Each structure stands twice: as structure tokens, then as C-alpha cells.
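Keep in mind the model is a prediction, meaning the values are calculated, not measured. Index from 1, following the sequence.
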Amino acid sequence: MPPLRAHTKSRNGCDQCRNRRVKCDEQGPPCSNCTTRELKCTYLKVAAARRATAHLTPPSSTSDVPRPLDGHGSPTAVPGRAVPTAIPVPAPAQTNSFGIDNLELMHKFATETYESLCISDSEIKIWQITIPTLAFKHGYLMSGILALASMHIATTCEPPELALLYYETGLQYYNRSLTPFRNAIDNITPQNCDAVFAHSIVMIAISIASPRLTVTKDECASITENIVILFELLQGVKKIIQVTKSWIKLELFSQGEFWKNTPAELDTDAEAALTHLSELNDQVMIGIYSGQHLINKKVIAHLRHCYAKFARSADPAPVLAWLAAVEKEFVDSLRCRQPFSLLILMYWGVLLRELDGQRWWARDSGRALVSELFDALRCVDARWERALAWVQRKMEL
């Protein structure tokens, strides 16, 4: 009888090598195959298989042999057999309902994702260490950072089925955070205001990124709807900035130079476009719309301020600040799909596009928002032709 050949197949190979039916060196992540091909190397199937069979593993024959106790209640030595020393066994990694390891998501946030939220070098320690530590005390914030990290992974991993898995995990965590976050907003205290404020920034990034990621599912997601929901949630956050600002200990952009009303210059093209938008508001929003006209005037003035601040310092602070600063009445008009309010939102979308090359969660989102609104508004009113033409030229629609 010929001798049995040694087994050469990889039993614990990574997901990518398994899908391609090639031998994995099992040294990952990443393994050498994934390193060579620049693939995202994961071991989700191996982890799932181990969890599924863990309860079938037979106990050790020596550790389960009962031994008599001595007078002090300790096991006595058995002749010819050493008494094993108790070794603490680490707790199994926690996984969510999709089978994704939460430690993987926390590692992603603490090593990469946090950087996309930093406005300056002074915020690095806050986002990398302080906020994750704060999340252990506030479940909605923990759900938020795990959601953002999972969506971050979804933007880079292959195959598409795996990307969808990470996206759905992120969406699951995001939805889990909403109810306790709303409850926290209604009961702001010195103890929770930092967590509420940090989560509001995380939530903005998730809401902007989410519609673009749903393309993986071949669904028609509305980024306009996401932004309107975000506006509504952020209305409660304004109370922190306006009423309880002195409670906030996190030195993020809300505490910096942005909120000082220092004059800022704007380039001629953008200045002319925003001036025309304000004049158009004077022409269109009259008569029965006079109340909305005054609201729009304030909103446009603040949008110009954000444009100017971004021109001086090209970071997310001026772009995101507009979302939290608009009046509730303007948010209500967006909810009712008031056309001129949507036109103003489209001008903010032009500013959002400026973050394309800076933040992964903003990539293509500004263009998606503007395109969606442009299609809805281009036949509404002939007087808007010049305003729409500027947007069309800026976005190269």
C-alpha cells in the first residue's frame, strides 16, 4: 500500500484565496498572494467556521479528569501526572449579527478612519484616543464610530459581496445609535454633551457617505433625503453650541476661529453667484412667501460666510458648520420640498464637492446631491436660469 501523501492544501486560507481556489500561505492578513495583488485580505470565512465548530471540540482528556481535593480545597497531585496550572483564557471576540469582528472595526477607526474627521493636527489625539474612550460610556457614540469604520472598509474591500456586508454592518450600527442619540439631545448635561457633539460630527460623515455606498446594492438612494434627515437631527445639536458651549471640553472646530465673525474675501465668481442667489430670493420669495424670504436671506448670508471661510482654510469645518447652523424653519421648508430652499441646498452641494479629494466619506457626494437637485429644479422657474447655469458650469454637469 503506497504511503499517504502529506496534505498540501491550506485549511485556514484567506477569503480571497479561497474564492480564487489558490493555495494561501495562511500568514495574513495580509497573505503573500493578497500583498502581490494589492487585495484586501480577510479571514471572515475561517473565523465563522471556527465559531460554528467550537462547541464540537472535544475536551482535553487530562484536564477533565476529576481529582480529589486536599484539606485546603485544592486539587491533589496524581502520581505520574502534573497538576495543570490554571491559565486565563481570553474572552472570544465579539461579533455583530453580520459576523464582523467589532475589534476589527475599532482597529480600523483608531488607525485610519479617525484621520478623516480631523480638522487639524491638534485634533488627532482627540479623535484617536479621547473619543473612543468616551464611547465606552455612551453606546450611541460607540455605535457611531463602529458604523463609520465599517463603511470605510466597505469603500475599499473586494469582492462586492464583502463590501456590501461591511456597508450593511455600518448601517445596522448607525440605525442602532439614532434613538439613544435623540434621547441624549433632549437631555443634554455636562456629562453627555461631549459625546453628543462628537457623535453629531460622526453622523454627518455617515449621512454624506451612505447614499453613495448603497450603489453596491443597486438601490436608488436619495442623498437629498439623507441630508434633510441630517438637518433635523442636527437641530438638537445647536443647543450645545449656542446654549451649553461652555460645557464642551473637546477642542474641535466649533471652539476655534470659525465661529468668530471675522471678514473674509471670496473669489469674484463665487461672490457674484451668491449675490445673484440673494437677489433671486428677493424677486421670487415675495407676497405669501415673505416669511420664508427672511429665513432664506439669513441662510444665504451664512452660506456665503462658509464659502469665504473655506476659501481661507480648505477643511471640512466651514462645509459641515452650515448644516448645523440653519434655522428650523428652513429645515421645515426642505422637508416640504420648497423649490427655492432646494436651490439653496444645491449651492451648498457645490461647496461639499470641494471635499472630494480630502475626505473619503465626501467623495462624489457633492456631485450626487447637485445632480439629483439639478434634475428636479431645472424646469421649475425660468428666472432661475442664471443660477442653475452657474451650478452646471461649476460641477461640469
Side-chain angles (χ1 to χ4, degrees), residues 204-215 219-235 269-270 272-285 289 292-293 295-307 310 316 318-356 359 361-397:
I204 290 173
I206 293 173
S207 299
I208 292 174
S210 181
R212 178 171 49 82
L213 291 172
T214 55
V215 174
E219 292 182 354
C220 183
S222 169
I223 188 170
T224 306
E225 180 68 20
N226 261 34
I227 295 299
V228 171
I229 293 172
L230 181 62
F231 270 124
E232 293 173 336
L233 288 170
L234 291 178
Q235 285 299 298
D269 184 50
L274 291 167
T275 298
H276 176 68
L277 182 65
S278 183
E279 293 171 348
L280 195 59
N281 179 52
D282 295 337
Q283 298 172 21
V284 175
M285 305 303 291
Y289 300 113
Q292 187 66 41
H293 165 260
I295 295 168
N296 290 348
K297 191 170 185 178
K298 294 180 181 178
V299 170
I300 294 171
H302 188 72
L303 183 58
R304 186 213 170 276
H305 180 71
C306 292
Y307 264 86
F310 187 84
V319 183
L320 306 187
W322 187 75
L323 291 170
V326 298
E327 300 297 326
K328 179 182 181 299
E329 291 78 9
F330 180 75
V331 178
D332 293 339
S333 69
L334 287 175
R335 170 56 66 192
C336 297
R337 293 298 191 271
Q338 208 287 326
F340 201 86
S341 297
L342 294 176
L343 179 65
I344 298 173
L345 178 62
M346 184 164 62
Y347 270 60
W348 174 77
V350 174
L351 184 60
L352 175 62
R353 192 203 180 195
E354 297 295 327
L355 296 180
D356 266 15
R359 300 295 191 268
W361 42 263
R363 194 176 306 126
D364 298 329
S365 294
R367 185 177 183 84
L369 175 63
V370 171
S371 298
E372 198 173 281
L373 291 172
F374 186 84
D375 289 339
L377 298 176
R378 58 183 171 181
C379 299
V380 170
D381 193 323
R383 290 174 292 179
W384 299 9
E385 182 177 351
R386 178 181 165 188
L388 292 172
W390 181 79
V391 173
Q392 188 174 20
R393 175 170 56 83
K394 290 289 289 185
M395 304 296 287
E396 300 177 348
L397 297 177

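Note that CH2 of Trp348 is 6.5 Å distant from CG of Leu369, once rounded to the nearest 0.5 Å. Between the CG atom of Leu373 and the CZ atom of Arg337 there is a distance of 8.5 Å, given to the nearest 0.5 Å. One distance of note links CD of Gln392 with OG of Ser371; it measures 10.0 Å at 0.5 Å rounding. Put simply, CD1 on Ile344 and CG on Leu334 are 8.0 Å apart, with the number rounded to the nearest 0.5 Å. With rounding to the nearest 0.5 Å, the separation of CD1 in Ile295 from CD in Glu329 is 4.5 Å. In this structure, CG on Leu274 lies 11.0 Å from NE2 on His276, to the nearest 0.5 angstrom.
Within the 3.5 Å criterion, the main-chain N or O of Ile208 finds a donor-acceptor partner in the side chain of Ser365. Looking at Arg359, its side chain never comes within 3.5 Å of a backbone N or O of Asp356 through a donor-acceptor pair. In terms of modelled atom types and a separation under 3.5 Å, the side chain of Arg353 and the main chain of Lys394 share a donor-acceptor contact. Not a single donor-acceptor pair under 3.5 Å links the side chain of Gln292 to the backbone N or O of Ser333. Here the side chain of Tyr347 pairs no donor or acceptor atom with the backbone of Ile300 at under 3.5 angstrom. Judged purely by atom type and a 3.5 angstrom limit, Arg335 has no side-chain atom pairing as donor or acceptor with the backbone of Val228.
More than 12 heavy atoms of other residues, nucleotides or ligands shown are found within 6.0 angstrom of CZ on Phe374.
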Quiz prompt | side-chain contact (heavy atoms from CB on, under 4.5 Å) evaluation trace for Leu277 with Arg304 | solution = CA-CA 10 Å; Leu277 182 65; Arg304 186 213 170 276; over 6 Å; no
Practice problem: Could you check Asn296 against Tyr289 for side-chain contact (heavy atoms from CB on, under 4.5 Å), going step by step and ending with a plain yes or no? | Solution: CA-CA 10 Å; Asn296 290 348; Tyr289 300 113; over 6 Å; no
Exercise. Walk me through it: do Val326 and His302 pass the test side-chain contact (heavy atoms from CB on, under 4.5 Å)?
Key: CA-CA 8 Å; Val326 298; His302 188 72; 5.7 Å; no
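No side-chain heavy atom of Phe340 sits less than 4.5 Å from a side-chain heavy atom of Asp381. In this structure, the side chains of Ile227 and Glu372 stay at 4.5 Å or more apart for every pair of heavy atoms. Between Leu280 and Leu343 the shortest side-chain heavy-atom distance falls below 4.5 Å.
Aromatic pair Phe231/Trp322: ring centres closer than 6.0 Å.
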